[in-house]
Amino acid sequence: MIQSSELILNPDGSVYHLNLKPEHIAHDIIFVGDQNRVEKITQFFDSIEFSTQKREFKTQTGVFKGKRITVMSTGIGPDNIDIVINELDALVNIDLKTRQPKQQLTSLNIIRIGTSGSLQADIPVDSFVMSKFGLGLDNMLRSYLIDEVSNLEIEDAFVKHTNWDARKGKPYVIACSEKLEKIIESDKMHKGITATAGGFYGPQGRVLRLNIQDEALNAKMDDFEFGDNQITNLEMETAAIYGLSALLGHNALSLNAIIANRASGNFSEDPYKAVDELIAYTLDKLANQ
């Protein structure tokens with residue numbers, strides 16, 4: 001039996017942070033970071049059956065072209081992803097009344113739709129990136145036993161290439177869901193490795209008033225290659241989503257609309273259009289699977 005201090009429920013029986021009960025979510029879930037972006041997706045739905053918000057976690061479930069889909073904001077960063085994935089898994093794979101894991105487990109389909117800056121000059125603004133791998137620079141997932149789901153070869157190659165400081169903890173690499181990759185992929189998608197940082201400023205190489213541990217890290221990431229894969233972009237959630245989903249038996253895929261190119265210094269003239277096009281594309285793919 002899972003103790004009440006470990007799986008915290010609200011007085012109405014919903015999970016603590018997300019404020020959700022099992023019947024509130026679909027098996028196909030879209031993640032966004034910004035709570036204001038939830039309705040940018042659900043505005044395309046034929047109907048909305050449920051809506052709630054607690055803190056930065058806003059959830060709406062409805063129907064798009066006959067397909068039941070949940071859209072949820074996660075907020076920013078791997079620590080929030082730890083909350084969201086664990087509580088979603090509890091909703092479908094733990095009996096909240098008996099506090100026992102279910103014998104028959106459910107696998108969710110989780111797709112993140114985000115915005116990001118490209119690290120490669122040949123990935124232009126307004127294009128789409130599919131994260132073949134998530135490269136975690138944040139160290140959050142190291143709290144779990146991840147060797148069975150992580151790619152040790154890419155991890156070791158990245159550590160060697162960047163001369164990574166072991167005091168920051170070893171980076172981890174997790175692959176996307178092959179099932180979702182086949183459903184979503186198209187000629188419009190660039191593929192590669194998405195690096196996930198644990199912060200926005202120093203962890204992503206931004207310097208304001210504080211010096212950073214490795215001023216050359218971004219340049220070294222730009223040059224890193226493993227097989228056909230380069231590091232395409234840098235953000236704050238993908239690797240954590242991939243890692244926890246793989247450990248818990250869920251399918252996960254991260255998609256980004258590229259609104260800036262850090263290699264060329266360009267920024268999209270209409271970033272909202274790029275995001276809307278990625279949303280429409282993803283919804284159609286999910287509805288037709």
Looking at [X], I want to see if its [atom1] is surrounded by more than 12 non-hydrogen atoms of other residues, nucleotides or ligands under 6.0 Å.
{"X": "I76", "atom1": "CD1", "result": "no"}
{"X": "Y144", "atom1": "OH", "result": "yes"}
{"X": "K102", "atom1": "NZ", "result": "yes"}
{"X": "E23", "atom1": "CD", "result": "yes"}
{"X": "E185", "atom1": "CD", "result": "yes"}
{"X": "Q43", "atom1": "CD", "result": "yes"}
{"X": "D228", "atom1": "CG", "result": "no"}
{"X": "Q213", "atom1": "CD", "result": "yes"}

Is there a side-chain contact between [X] and [Y] (heavy atoms, below 4.5 Å)?
{"X": "L253", "Y": "Y242", "answer": "yes"}
{"X": "H24", "Y": "T59", "answer": "no"}
{"X": "V275", "Y": "K40", "answer": "no"}
{"X": "E39", "Y": "V32", "answer": "no"}
{"X": "Y172", "Y": "D138", "answer": "yes"}
{"X": "I85", "Y": "S245", "answer": "yes"}
{"X": "T194", "Y": "T232", "answer": "yes"}
{"X": "L20", "Y": "F50", "answer": "yes"}

| task | State which residue, out of N229, L135, I154, fulfils the side-chain contact (heavy atoms from CB on, under 4.5 Å) condition with F224. | result | I154

[X] versus [Y], closest heavy-atom pair with distance:
{"X": "E181", "Y": "C176", "value": "OE1-SG, 3.8 Å"}
{"X": "A274", "Y": "D126", "value": "CB-OD1, 3.8 Å"}
{"X": "G134", "Y": "T238", "value": "CA-CG2, 4.2 Å"}
{"X": "H250", "Y": "L108", "value": "ND1-N, 2.9 Å"}
{"X": "I113", "Y": "R37", "value": "O-NH1, 4.2 Å"}
{"X": "L141", "Y": "G243", "value": "CD2-CA, 3.4 Å"}

Distance-only, no hydrogens or angles: does the [X] side chain make a donor-acceptor pair with backbone N or O of [Y] under 3.5 Å?
{"X": "S264", "Y": "A121", "value": "no"}
{"X": "D95", "Y": "K97", "value": "yes"}
{"X": "N151", "Y": "I174", "value": "no"}
{"X": "K65", "Y": "N288", "value": "no"}
{"X": "T74", "Y": "I81", "value": "no"}
{"X": "Q53", "Y": "R55", "value": "yes"}
{"X": "E155", "Y": "V173", "value": "yes"}
{"X": "Q120", "Y": "D122", "value": "no"}
{"X": "R68", "Y": "I25", "value": "yes"}
{"X": "S107", "Y": "G249", "value": "yes"}

Between [X] and [Y], does at least one N-O distance fall below 4.0 Å, as a salt bridge requires?
{"X": "D214", "Y": "K220", "value": "yes"}
{"X": "K54", "Y": "E87", "value": "no"}
{"X": "R99", "Y": "E6", "value": "no"}

| message | Evaluate F158 against L137 for side chain to side chain contact (heavy atoms under 4.5 Å, CB included), listing each step before the verdict. | response | CA-CA 11 Å; F158 179 79; L137 310 178; 3.8 Å; yes

So, [X] and [Y]: side-chain donor and acceptor under 3.5 Å apart, yes or no?
{"X": "N80", "Y": "E56", "result": "yes"}
{"X": "N261", "Y": "N266", "result": "no"}
{"X": "N86", "Y": "D82", "result": "yes"}

Hydrophobic cluster identity match, [X] and [Y], side-chain contacts under 4.5 Å:
{"X": "I123", "Y": "V125", "answer": "no"}
{"X": "I110", "Y": "I41", "answer": "yes"}
{"X": "L244", "Y": "L180", "answer": "yes"}
{"X": "F226", "Y": "V159", "answer": "yes"}
{"X": "M236", "Y": "I193", "answer": "no"}

| message | Let's go through Y281 and S186 carefully: what are the C-alpha distance in whole Å and the side-chain angles of both, what is the deciding distance for side chain to side chain contact (heavy atoms under 4.5 Å, CB included) to 0.1 Å, and is it a yes or a no? | response | CA-CA 10 Å; Y281 175 84; S186 80; 2.8 Å; yes

Once you round to the nearest 0.5 Å, how far does [atom1] of [X] lie from [atom2] of [Y]?
{"X": "I111", "Y": "S177", "atom1": "CD1", "atom2": "OG", "answer": "9.0 Å"}
{"X": "L18", "Y": "M72", "atom1": "CG", "atom2": "CE", "answer": "5.0 Å"}
{"X": "N251", "Y": "N109", "atom1": "CG", "atom2": "CG", "answer": "5.0 Å"}
{"X": "K160", "Y": "T162", "atom1": "NZ", "atom2": "OG1", "answer": "12.0 Å"}
{"X": "F57", "Y": "I83", "atom1": "CZ", "atom2": "CD1", "answer": "4.5 Å"}
{"X": "K21", "Y": "N10", "atom1": "NZ", "atom2": "CG", "answer": "9.5 Å"}

| query | Stepwise, does the side chain to side chain contact (heavy atoms under 4.5 Å, CB included) test hold for L91 with L96? | reply | CA-CA 7 Å; L91 289 172; L96 300 185; 4.2 Å; yes

| message | Would Y16 and L7 count as a side chain to side chain contact (heavy atoms under 4.5 Å, CB included) here? Give the steps. | response | CA-CA 8 Å; Y16 182 66; L7 175 57; over 6 Å; no

